[in-house]
Asker: 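Sharing a structure, written as structure tokens. Questions coming.
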Amino acid sequence: MLPQDPERSLYQRIYDVVRHVPSGRVTTYGRVARIVGGISAQMVGFALAALPNRPDGADVPWQRVINAQGRVSPHGYGFGTVIQKELLEGEGIVFDAEGRVDLEQFGW
DNA sequence: CGGCTGACTCTGG
DNA sequence: TCCAGAGCCAGCC
């Protein structure tokens, strides 16, 4: 399997990986970073942060990407986090009392 | 072309 | 559980 097209920008490749996350499952920034290869977890976070600005991110299930602690990172003005949790619960993801997800169970 | 920005991870206390 | 510091790198003015 050839590596992803170098023509595509890094962001595009990250979105590609995120799009592969099935409904009802979540993955972490670090995990996506390793799949894409050669980038740090931060790059994934930045790529998702730019999603609203990029037409290529229209169909990217960004809500399925959380941090390594199984938590939803505080982003946006604080509202995006709530939305993300709602979306995940709608897909069957369960949060514990502390708002964490069991990656052992729901991790991709 | 220089500088700023950012939704992370890991380790240690 | 919370907090701080260091490493990380592409994209956008």
Side-chain angles (χ1 to χ4, degrees):
Chain A
M1 203 51 163
L2 284 173
Q4 338 278 358
D5 300 325
E7 294 290 305
R8 286 203 142 146
S9 81
L10 243 186
Y11 281 25
Q12 306 277 316
R13 292 201 265 160
I14 292 169
Y15 301 151
D16 237 17
V17 174
V18 176
R19 268 190 282 251
H20 294 168
V21 180
S23 179
R25 284 275 138 88
V26 296
T27 191
T28 67
Y29 297 93
R31 195 85 62 131
V32 174
R34 297 195 180 208
I35 294 173
V36 173
I39 65 173
S40 61
Q42 228 175 354
M43 296 295 91
V44 178
F46 300 162
L48 294 187
L51 264 181
N53 291 322
R54 298 181 157 262
D56 14 341
D59 59 340
V60 176
W62 55 271
Q63 68 272 24
R64 292 178 197 149
V65 184
I66 59 181
N67 64 33
Q69 297 161 11
R71 290 167 164 285
V72 175
S73 299
H75 49 74
Y77 294 89
F79 295 96
T81 310
V82 179
I83 305 248
Q84 182 168 12
K85 188 166 174 264
E86 296 286 317
L87 288 170
L88 291 177
E89 290 181 324
E91 294 180 353
I93 304 295
V94 179
F95 288 81
D96 67 11
E98 295 173 358
R100 286 186 307 187
V101 175
D102 183 358
L103 290 176
E104 299 292 306
Q105 185 177 358
F106 300 106
W108 182 43

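Naming convention: chains lettered A, B, ... in sequence-line order (proteins, then strands); numbering from 1 in each chain.
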Asker: When rounded to the nearest 0.5 angstrom, what is the spacing between CG in A:L48 and CD1 in A:I14?
Answerer: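 CD1 of A:I14 is found 7.0 Å from CG of A:L48.
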
Asker: Under 4.0 Å between any heavy atoms, over every strand shown, what does A:L48 touch: base, sugar-phosphate, or nothing? Just pick one.
Answerer: base

Asker: When rounded to the nearest 0.5 angstrom, what distance separates NE2 in A:H20 from CH2 in A:W108?
Answerer: 7.0 Å

Asker: Of all the choices, C:dC12, C:dC8, C:dA10, which nucleotide is nearest to the side chain of A:R54 once you look at every atom?
Answerer: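 Of the candidates, C:dC12 comes closest.
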
Asker: Count I, L, V, M, F, W, Y as connected when their side-chain heavy atoms are under 4.5 Å apart, and connections chain through other members. Are A:V36 and A:W62 then in the same cluster?
Answerer: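 Yes; A:W62 is reachable from A:V36 via cluster members.
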
Asker: Identify whether any heavy atom of A:E98 sits under 4.0 Å from a base atom; if not, whether one sits that close to sugar-phosphate; answer base, sugar-phosphate or nothing.
Answerer: sugar-phosphate

Asker: Counting any heavy atom closer than 4.0 Å, what does A:A49 reach on the DNA or RNA strands: base, sugar-phosphate only, or nothing?
Answerer: base

Asker: Figure out the CD1/P separation between A:I39 and C:dC9, and round it to whole Å.
Answerer: 10 Å

Asker: When you measure from the side chain of A:E89 to the backbone N and O of A:Q84, does any donor-acceptor pair fall under 3.5 Å?
Answerer: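 Here the side-chain-to-backbone pair does not exist.
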
Asker: On DNA chain C, compare the nucleotides closest to A:R100 and A:S40; which residue's is nearer the 5' end?
Answerer: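 Nearest-nucleotide comparison on DNA chain C picks A:R100.
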
Asker: Could you name each residue pair satisfying side chain to side chain donor-acceptor pair (under 3.5 Å) that touches residues 97-107 of chain A, not counting sequence neighbours?
Answerer: A:E98-A:R100

Asker: Check whether any side-chain N or O of A:Y15 sits under 3.5 Å from a backbone N or O of A:A47 as a donor-acceptor pair, and report yes or no.
Answerer: yes

Asker: Between P on C:dT1 and CD on A:Q69, what's the gap in Å once rounded to a whole number?
Answerer: 9 Å

Asker: First and last nucleotide of DNA chain B touching chain A, 5' to 3', heavy-atom cut-off 4.0 Å?
Answerer: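 Range of nucleotides touched by chain A: B:dG6 to B:dC10.
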
Asker: Toss me the dot-bracket line for DNA chain C: Watson-Crick and G-U wobble, both under 3.5 Å, 5' to 3', using | for pairs to another strand and [ ] for crossers.
Answerer: .||||||.|||||

Asker: What is the distance, rounded to the nearest whole Å, between atom OH of A:Y15 and atom P of C:dA10?
Answerer: 15 Å

Asker: Heavy-atom nearest nucleotide on DNA chain B for A:Y11 versus A:G30: which residue maps closer to 5'?
Answerer: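 The 5'-side residue here is A:Y11.
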
Asker: Using a 4.0 Å heavy-atom cut-off across all strands, classify A:R31 as base, sugar-phosphate, or nothing.
Answerer: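 If one applies the 4.0 Å heavy-atom cut-off, A:R31 turns out to touch nothing in the nucleic acid.
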
Asker: In the single-linkage hydrophobic clustering (I, L, V, M, F, W, Y; side-chain heavy atoms under 4.5 Å), do A:V65 and A:F106 co-cluster?
Answerer: no

Asker: Supply the atom-to-atom distance A:D16 CG to A:I35 CD1, rounded to the nearest 0.5 angstrom.
Answerer: 11.5 Å

Asker: Should A:R34 be listed as having a side-chain N or O under 4.0 Å from OP1 or OP2 of C:dC8?
Answerer: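 No, outside the criterion.
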
Asker: Rounded to whole angstrom units, what separation is found between the CD1 atom of A:I14 and the P atom of C:dC8?
Answerer: 17 Å

Asker: Identify which nucleotide among C:dT1, C:dA10, C:dG7 has an atom closest to any side-chain atom of A:M43, counting heavy atoms from C-beta outward.
Answerer: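 The answer is C:dA10, which lies nearest to the side chain.
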
Asker: When you check the gap from the basic side-chain N to the acidic O, do A:R25 and A:E91 get nearer than 4.0 Å?
Answerer: no

Asker: To the nearest Å, give me how far apart CZ (A:F46) and P (C:dC13) are.
Answerer: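 Atom-to-atom, A:F46 to C:dC13, this comes out as 16 Å.
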
